[in-house]
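What follows is a short report on a single structure.
All values below come from the heavy atoms of this structure, side chains included, with hydrogens, waters and symmetry mates left out.
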Amino acid sequence: MSQGIRQALQKLDSMIEDATPKTDSHHNFVSINSRDGSTNLIDSTVANTRYFDIRTSSIAQDGGLSGLSSNKIGLFEVVVRYDIPYNPQDKLLIMAEDASKILNTLKGPDYNLVTTGIINVVVNNSPTIQPILDENGDELASLLILPFTLIYLEA
């Protein structure tokens with residue numbers, strides 16, 4: 001039995017990669033980090049659509065009321081890059097569809113507690129969009145950011 005943050009994030013990575021986008025389905029979600037020491041940064045990848053990473057937003061804290069629990073609670077975000085030449089409205093529609101797909105995927109419930117340690121994923125904040133600008137201030141790409149809370153076992 002292997003549980004903990006690394007196994008939990010690997011499971012979420014694979015769940016997102018297995019999700020099929022509603023529009024432009026030949027460009028699937030692709031994780032840029034395998035949690036095995038990769039140093040790729042989503043902000044610096046080039047010409048990639050639907051490449052994603054799961055970032056840590058806060059260090060996990062104990063989830064037990066008595067402080068003796070092995071339950072941990074951490075804040076994370078899925079960040080998806082879009083380098084697509086669609087007009088701005090098309091890009092926003094695709095990002096909205098993808099946000100819905102990813103959020104539904106994260107909510108599980110196919111977590112397999114024994115192997116991943118995932119107890120629950122809570123989506124309690126709205127997705128946001130952040131532009132990536134070049135040195136002249138022109139938009140090169142967009143990042144879709146989907147925050148979530150992960151409750152997992154650290155064994």
Side-chain angles (χ1 to χ4, degrees), residues 2-60 72-152:
S2 180
Q3 298 173 341
I5 190 62
R6 191 170 303 273
Q7 289 76 19
L9 293 178
Q10 285 174 339
K11 174 63 176 175
L12 295 177
D13 270 349
S14 67
M15 288 173 67
I16 295 169
E17 280 190 316
D18 290 343
T20 303
K22 188 173 184 178
T23 300
D24 195 19
S25 60
H26 62 279
H27 284 112
N28 290 332
F29 300 105
V30 177
S31 176
I32 66 165
N33 287 312
S34 64
R35 310 278 162 235
D36 293 328
S38 177
T39 58
N40 292 330
L41 297 175
I42 194 109
D43 305 60
S44 59
T45 62
V46 179
N48 294 307
T49 297
R50 291 195 176 108
Y51 276 39
F52 76 92
D53 192 16
I54 299 178
R55 294 180 178 169
T56 304
S57 296
S58 74
I59 300 298
K72 302 293 182 250
I73 299 173
L75 302 176
F76 298 87
E77 53 192 23
V78 176
V79 181
V80 187
R81 183 179 176 116
Y82 293 86
D83 286 298
I84 52 180
Y86 296 118
N87 72 49
Q89 186 60 36
D90 284 343
K91 184 160 68 169
L92 286 175
L93 289 173
I94 289 171
M95 293 171 88
E97 289 174 346
D98 288 355
S100 178
K101 185 67 161 187
I102 292 170
L103 293 175
N104 287 341
T105 299
L106 286 175
K107 291 191 287 186
D110 181 29
Y111 302 134
N112 194 350
L113 176 64
V114 174
T115 58
T116 67
I118 297 174
I119 296 169
N120 199 5
V121 174
V122 180
V123 178
N124 49 9
N125 292 314
S126 298
T128 59
I129 297 172
Q130 174 184 331
I132 297 176
L133 306 176
D134 66 12
E135 60 277 353
N136 298 323
D138 296 322
E139 186 173 340
L140 295 173
S142 296
L143 297 178
L144 173 63
I145 302 169
L146 303 112
F148 67 94
T149 301
L150 175 65
I151 304 168
Y152 64 98

If I take atom [atom1] from residue [X] and atom [atom2] from residue [Y], how far apart are they, to the nearest 0.5 angstrom?
X    : Y    : atom1 : atom2 : result
N120 : I151 : CG    : CD1   : 5.0 Å
Y51  : S31  : OH    : OG    : 10.5 Å
T20  : K22  : OG1   : NZ    : 13.0 Å
Q7   : I118 : CD    : CD1   : 10.0 Å
Y82  : K91  : OH    : NZ    : 10.5 Å
T128 : L146 : OG1   : CG    : 7.5 Å

So do the side chains of [X] and [Y] get within less than 4.5 Å of each other, counting heavy atoms only?
X    : Y    : value
L9   : L150 : yes
I102 : F29  : yes
L12  : V121 : yes
I16  : L106 : yes
Y152 : I119 : no
I5   : K72  : no
T23  : D90  : no
D13  : F52  : yes

Kindly give the heavy-atom pair with the smallest separation between [X] and [Y], and that separation in Å.
X    : Y    : answer
R81  : I132 : NH1-CD1, 3.3 Å
P127 : A99  : CG-CB, 4.2 Å
A19  : T105 : CB-OG1, 3.7 Å
I145 : Q130 : CD1-OE1, 3.4 Å
R50  : H27  : NH1-O, 2.8 Å
I129 : S142 : CG2-CB, 4.2 Å

- request: State which residues pass salt bridge (charged side-chain N to carboxylate O under 4.0 Å, His left out) with K101; sequence neighbours excluded, sorted by chain then number.
  value: none
field: All salt bridge (charged side-chain N to carboxylate O under 4.0 Å, His left out) counterparts of D138, not counting sequence neighbours
entry: none
message: Working note: V78 + L144, criterion side chain to side chain contact (heavy atoms under 4.5 Å, CB included); need CA distance, chi angles, decisive distance, verdict.
response: CA-CA 8 Å; V78 176; L144 173 63; over 6 Å; no
- request: Apply the test side chain to side chain contact (heavy atoms under 4.5 Å, CB included) to residues K107 and N104: give CA-CA distance (whole Å), side-chain angles for both, the deciding distance (0.1 Å), then the verdict.
  value: CA-CA 5 Å; K107 291 191 287 186; N104 287 341; 3.7 Å; yes
- prompt: Among pairs that include at least one residue of residues 92-111, which meet ring pair (Phe, Tyr, Trp, His ring centres under 6.0 Å), considering only residues two or more places apart or in two chains?
  reply: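 Checked against ring pair (Phe, Tyr, Trp, His ring centres under 6.0 Å) - neighbours excluded - no pair reaches residues 92-111.
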Test item: E77 side-chain N/O and S57 main-chain N/O as donor-acceptor pair under 3.5 Å: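 No, the answer is negative, given that no donor and acceptor are paired below the 3.5 Å cut-off.
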message: Taking Q89's backbone N and O only, do any of them form a donor-acceptor pair with N87's side chain (distance below 3.5 Å, no angle check)?
response: yes
